[in-house]
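This is the structure I have questions about; it appears just below.
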Amino acid sequence: MKKIFKLFFSAVTVLSICLATLPINAFAAGNASISFSKQNPSVGDTITATIKILSDSMYGINISGSYNEEVLTYVSGASEGGAGLFKIADSESFNGESSKSFTLTFKANKSGSSSISVKGQVASGIPPVDIDVAASATISVSDASKSTNANLSSLRTSAGVLSPKFSASVTEYTVNVGSNTTECKVYGTTADPDADISVSGSATLKIGENKRVVTVTAPSGDTK
């Protein structure tokens with residue numbers, strides 16, 4: 001029986017792909033969500049993150065959050081914010097609403113990705129009881145002054161032959177090897193020498209399909 005080695009390229013930028021046309025509304029525990037004002041921000045852009053809470057008869061909230069301070073700089077909107085952390089504590093503006101939104105402002109200062117995550121409690125119901133809320137969404141910042149070339153110039157494996165033949169525009173390949181082949185490593189060269197490359201998945205093969213994902217990150221932060 002043959003071992004089938006499948007190699008895939010796939011776009012993995014959370015924002016550029018997952019959020020290319022639609023805002024993130026990633027509902028999590030307690031009906032919390034996070035959405036962004038810009039789906040493809042560049043270094044220097046101002047970004048707003050809207051945190052929306054849904055629950056019956058809300059009378060207060062106390063949540064904490066985090067973000068990547070290397071990529072984003074906190075500007076305003078929270079009760080406290082800075083150094084990669086923020087806090088939203090509010091009871092005065094609540095009056096039994098079923099929906100409440102808070103807008104935080106950040107500035108993009110470096111290419112890369114940042115998850116903005118929140119967790120905490122909302123006081124809900126009559127009499128109010130604390131209900132857990134949590135949400136997370138990721139944004140990716142690019143640098144227009146840097147190369148966006150996230151292509152490969154070559155790709156090979158330590159066993160078998162790529163099918164189809166390598167091309168920078170092709171993002172999925174298959175490699176068939178015999179059942180006695182226990183390992184297949186993946187090697188790639190980036191078209192831009194300053195780009196980074198990573199390979200996920202195990203080089204150890206099992207009978208059947210084995211998946212590897214090759215990701216190239218351009219100096220701008222764009223990925224392929």
Side-chain angles (χ1 to χ4, degrees), residues 10-142 200 213 215 217 221-223:
S10 61
V12 297
T13 306
V14 178
L15 182 68
S16 297
I17 300 304
C18 296
L19 304 183
T21 57
L22 293 173
I24 279 288
N25 284 309
F27 281 92
N31 291 327
S33 69
I34 300 175
S35 60
F36 298 110
S37 59
K38 293 186 178 181
Q39 305 311 308
N40 298 282
S42 299
V43 172
D45 285 350
T46 297
I47 306 157
T48 59
T50 300
I51 301 167
K52 187 175 183 179
I53 308 296
L54 298 176
S55 188
D56 292 333
S57 302
M58 293 185 291
Y59 292 92
I61 190 171
N62 189 352
I63 61 175
S64 58
S66 63
Y67 59 93
N68 184 347
E69 64 175 323
E70 292 186 357
V71 176
L72 301 176
T73 296
Y74 167 79
V75 178
S76 63
S79 305
E80 302 173 15
L85 301 172
F86 61 86
K87 182 178 181 180
I88 299 174
D90 181 14
S91 59
E92 294 182 359
S93 67
F94 281 81
N95 190 27
E97 297 92 337
S98 60
S99 174
K100 195 78 170 178
S101 296
F102 299 88
T103 299
L104 277 62
T105 302
F106 297 89
K107 184 174 182 180
N109 54 35
K110 182 180 179 181
S111 62
S113 62
S114 172
S115 292
I116 295 181
S117 302
V118 295
K119 63 179 180 179
Q121 291 80 39
V122 57
S124 180
I126 302 174
V129 295
D130 287 341
I131 296 176
D132 291 337
V133 292
S136 181
T138 301
I139 192 168
S140 183
V141 177
S142 62
S200 65
V213 177
T215 303
T217 303
D222 291 271
T223 64

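Just so you know, these numbers use all the heavy atoms, side chains as well, and skip hydrogens, waters and symmetry mates. Start at 1 with the first residue, then count along the sequence.
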Within the 4.5 Å heavy-atom criterion, are Val133 and Val118 side-chain neighbours or not?
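Val133 vs Val118: side chains apart.
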Minimum heavy-atom distance Asn109-Leu72, with the two atoms named:
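Between these two residues, the closest heavy atoms are ND2-C, 3.6 Å.
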Lys52 (side chain) donor-acceptor with Ser35 (main chain) under 3.5 angstrom
no
Could you verify whether a donor N or O on one side chain and an acceptor N or O on the other, from Ser115 and Thr138, lie under 3.5 Å apart?
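Yes.
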Once rounded to the nearest 0.5 Å, what's the spacing between atom OG of Ser124 and atom CD1 of Ile53?
11.0 Å
Do the side chain of Ser64 and the main chain of Lys87 share a donor and acceptor less than 3.5 angstrom apart?
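No.
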To the nearest 0.5 angstrom, please state how far the CG atom of Leu85 sits from the OH atom of Tyr74.
12.0 Å
To the nearest 0.5 Å, how far apart are OG in Ser98 and CG in Leu54?
7.0 Å
Under 4.5 Å between any side-chain heavy atoms of Thr46 and Val75, yes or no?
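No, their side chains stay 4.5 Å or more apart.
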Looking at Asn68 and Ser114, what are the two nearest heavy atoms and their distance?
N-OG, 2.9 Å
CD1-OG distance between Ile61 and Ser91, expressed to the nearest 0.5 angstrom:
11.0 Å
Provide the closest heavy-atom pair for Lys38 versus Ile139 in the form atom of the first, atom of the second, distance.
O-CD1, 3.7 Å
Closer than 3.5 angstrom, by distance alone: can the side chain of Asp90 be matched with the main-chain N or O of Glu92 as a donor-acceptor pair?
yes
Would Tyr67 and Phe106 count as a close aromatic pair, with their ring centres under 6.0 Å?
yes
Search all heavy atoms of Gln121 against all heavy atoms of Ile63 and return the closest pair with its distance.
N-CG2, 4.0 Å
As an exercise, state the distance from CD of Glu97 to OG of Ser57, rounded to the nearest 0.5 Å.
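Rounded to the nearest 0.5 Å, the CD-OG separation comes out at 9.5 Å.
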Within the supplied structure, the quantity of interest is the number of heavy atoms (other residues, nucleotides, ligands) at a distance under 6.0 Å from Lys100 NZ; does it exceed 12?
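For Lys100, atom NZ is crowded (more than 12 foreign heavy atoms under 6.0 Å).
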Which atoms form the tightest heavy-atom contact between Pro128 and Ala123, and what is the distance?
CB-CB, 4.1 Å
Side chains of Leu104 and Ile116, heavy atoms from C-beta outward: is any pair under 4.5 Å?
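Result no, sub-4.5 Å side-chain heavy-atom pair not found.
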If we check side chain to side chain donor-acceptor pair (under 3.5 Å) with Ser136, which of these qualifies: Ser117, Ser33, Ser66?
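Considering Ser117, Ser33, Ser66, a side chain to side chain donor-acceptor pair (under 3.5 Å) with Ser136 is found only for Ser117.
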Can you give me the closest heavy-atom contact between Lys110 and Glu70, atom names plus distance?
CB-O, 3.2 Å
Hey, does the side chain of Gln39 reach the backbone of Phe36 with a donor-acceptor pair shorter than 3.5 angstrom?
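Yes, because the side chain of Gln39 sits within donor-acceptor range (under 3.5 Å) of the backbone of Phe36.
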